[in-house]
Amino acid sequence: MPELPEVETVRLGLVPVMEGRRIAAVRVNRPDLRRPLPAGMADRLTGARVLRLNRRSKYLLADLDSGETLIVHLGMSGRILVAGAPRPGLFHHPQPAAGRHDHVVIDIEGGARVTFNDARRFGLMDLVASDRAEAHPLLAGLGPEPLGNGFDEDYLVARLAGRRSPVKAALLDQTVVAGLGNIYVSEVLHRTGISPLRQAGRIAAPRVRRLVPAIREVLAEAIAAGGSSLRDYRQTDGELGYFQHRFRVYDRAGAPCPRPGCSGTIRRTVQAGRSSFYCPACQR
DNA sequence: CTTGGGACCTGTGAGC
DNA sequence: TGCTCACAGGTCCCAA
């Protein structure tokens, strides 16, 4: 579900309710996510103050004043929703009913309630010492942030050189660049006129270089749109993202290619078990 | 080392 | 209405 833009949108929604605030209470309804929740998580979180909320690739990282960092991944179907708590002194204002897959509920001092909901339970949480967070096995192997300084044209040319896998797979490889997923790879390849089927190492360098600004553009536009909502994904206030209305190829099999002057038809194919969408007429 | 395939888990929509 | 199948924003593990 959530790729980098969706996770960044969630982070932006959580910053105002979590940063600088103390965690008042934590309830775990189901500890068996993709991996078991860390031992004693509720106790280790309770009372800690959130210093800063960061993102690395598709991971959210909450640095706590306890010296630990909470790592959260949303998997395919994970959501984080924020609700205001009942206001003291007022007529009782009930919290929204607990949802079917509300696995972890975090109450923030001052009244906000942050709920982690994940139907498929491919998401995960872990707690690590903050000074060793980057070395965490989940994070250590990640490639550069596509919106950061460590990602540029020369780097990508070098990383794709010699690769025989399709460029679709190469861009989904989180050690090459961290944060792209199935939607945005398809969108980037359409914008650059590169077929997802093309072998990564056999794309001329000038075309590889064009991928870099295209990746940055697509991600930035999607973040500005609050991400893409297909099924599960919501912003933290429950609103849908709206970048799905701007998809040029993803989930649009049979539709005419939106590229000006192109008369092709969007096609769906399967690569490594995942759908790819592209225009066979203008993507080569 | 790289690459592909299956596994993990639940929900939804299409087709019969 | 009810069943079955395909498919879904991700990642890990294992075999070739």
Side-chain angles (χ1 to χ4, degrees), chain A residues 1-11 29-36 55-60 71-80 99-103 116-126 136-143 146 158-189 196-202 215 218-219 221-223 225-235 240-247 249-254 268-277:
Chain A
M1 146 251 178
E3 306 181 31
L4 187 154
E6 289 73 35
V7 178
E8 179 64 10
T9 300
V10 168
R11 187 187 76 84
N29 295 322
R30 244 199 115 136
D32 55 329
L33 304 184
R34 189 168 106 211
R35 53 199 290 176
R55 179 189 55 73
R56 173 79 171 101
S57 185
K58 303 170 192 174
Y59 294 89
L60 287 169
I71 302 175
V72 180
H73 194 283
L74 300 175
M76 287 282 264
S77 55
R79 296 178 188 181
I80 295 179
R100 180 144 159 50
H101 301 290
D102 289 350
H103 305 311
F116 176 88
N117 177 291
D118 184 5
R120 296 175 74 180
R121 304 201 323 277
F122 289 172
L124 66 84
M125 293 189 191
D126 204 356
H136 191 285
L138 293 166
L139 306 179
L142 293 173
R159 282 305 300 262
L160 297 192
R163 276 186 88 115
R164 292 199 286 170
S165 66
V167 62
K168 168 84 184 310
L171 294 178
L172 282 177
D173 181 344
Q174 303 295 298
T175 74
V176 171
V177 56
L180 293 178
N182 211 36
I183 290 177
Y184 298 108
V185 168
S186 278
E187 293 297 309
V188 164
L189 290 172
L197 307 170
R198 170 135 264 142
Q199 291 192 2
R202 295 176 58 187
I215 288 168
V218 168
L219 295 178
E221 288 175 28
I223 291 168
S228 303
S229 290
L230 298 183
R231 280 161 277 278
D232 303 294
Y233 169 72
R234 298 296 169 106
Q235 303 187 49
L240 301 172
Y242 52 91
F243 192 74
Q244 66 277 12
H245 303 302
R246 307 244 289 275
F247 289 169
V249 291
Y250 186 84
D251 207 15
R252 306 199 62 222
R268 172 183 179 270
T269 190
V270 176
Q271 298 180 274
R274 321 218 38 207
S275 292
S276 293
F277 299 91

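In what follows, chains are A, B, ... by sequence order, proteins preceding strands, each numbered from 1. Note that the coordinates shown come from a computational prediction; the quantities given were computed from them, not determined experimentally.
- In this structure, A/G273 reaches neither bases nor backbone, as no heavy-atom distance under 4.0 Å exists between it and the strands shown.
- Remark on DNA chain B: of its neighbouring residues A/A272 and A/R34, the 5'-side contact belongs to A/A272, judged by nearest-heavy-atom nucleotide.
- A/L138 comes within 4.0 angstrom of the backbone, heavy atoms only, and of no base.
- Inter-residue side-chain proximity for A/R30 and A/D32 is flagged as met; some heavy-atom pair is nearer than 4.5 Å.
- In this structure, the CD atom of A/E6 is 16 Å from the P atom of C/dA8, given to the nearest Å.
- Distance CG (A/D126) to C1' (C/dC12): 15 Å, rounded to an integer number of Å.
- Using a 4.0 Å cutoff to heavy atoms of chain A, the contacted part of DNA chain B runs 5' to 3' from B/dT3 to B/dG11.
- Nucleotides C/dA6 and B/dG6, compared at atom P, are 13 Å apart to the nearest Å.
- Rounded to an integer number of Å, the gap from CZ of A/R121 to P of C/dC12 is 18 Å.
- For the pair A/Q174 and A/R120, nearest-nucleotide mapping onto DNA chain C gives the more 5' position to A/R120.
- Nucleotide C/dC12 holds its P atom 13 Å from the CG atom of A/L172, rounded to whole Å.
- For the P atoms, the distance from B/dC9 to C/dC3 is 24 Å, rounded to whole Å.
- To the nearest angstrom, P of C/dT11 lies 14 Å from NE2 of A/H136.
- Residues passing the side chain to side chain contact (heavy atoms under 4.5 Å, CB included) test with A/T9, sequence neighbours excluded: A/Y233, A/Q235.
- Counting any heavy atom pair closer than 4.0 Å across all strands shown, A/R35 reaches no nucleic acid atom.
- Each of A/V177, A/L4, A/L142 was evaluated against A/S57; a single residue qualifies, A/L142, per the side chain to side chain contact (heavy atoms under 4.5 Å, CB included) test.
- Distance A/D118 CG to C/dG10 C1': 11 Å, rounded to the nearest Å.
- Residue contacts shown for A/R231 include a base, since a base heavy atom lies under 4.0 Å away.
- For A/R268, the salt bridge (charged side-chain N to carboxylate O under 4.0 Å, His left out) criterion is met by no residue, not counting sequence neighbours.
- The CG-P distance, from A/L33 to C/dG10, rounds to 18 Å in whole Å.
- In this view, A/D173 and A/R163, A/T175, A/V176 satisfy the side chain to side chain contact (heavy atoms under 4.5 Å, CB included) rule, not counting sequence neighbours.
- Here C/dA8 presents its C1' atom at 12 Å from CD of A/E3, a figure rounded to the nearest Å.
- Applying the side chain to side chain contact (heavy atoms under 4.5 Å, CB included) test between A/V72 and each of A/V7, A/L33, A/L124, A/L60 identifies A/L60 as the sole match.
- Consecutive pairing runs in DNA chain B reach the stem threshold at B:2-8 with C:10-16, B:10-16 with C:2-8, where a stem means at least three Watson-Crick or G-U wobble pairs with distances under 3.5 Å.
- With sequence neighbours left out, the salt bridge (charged side-chain N to carboxylate O under 4.0 Å, His left out) criterion links A/R34 to no other residue.
- In this structure the side chain of A/E6 never reaches within 4.5 angstrom of the side chain of A/F243, judged on heavy atoms.
- Side-chain contact between A/L197 and A/P166 is absent, with no heavy atoms from C-beta onward closer than 4.5 Å.
- A 4.5 Å side-chain heavy-atom check between A/L139 and A/I71 finds at least one atom pair inside the cut-off.
- Residue A/R274 places no side-chain atom within donor-acceptor reach of the base of C/dA8, judged by atom type and a 3.5 Å distance cut-off alone.
- Note on A/S229: a base of the nucleic acid sits closer than 4.0 angstrom, heavy atoms only.
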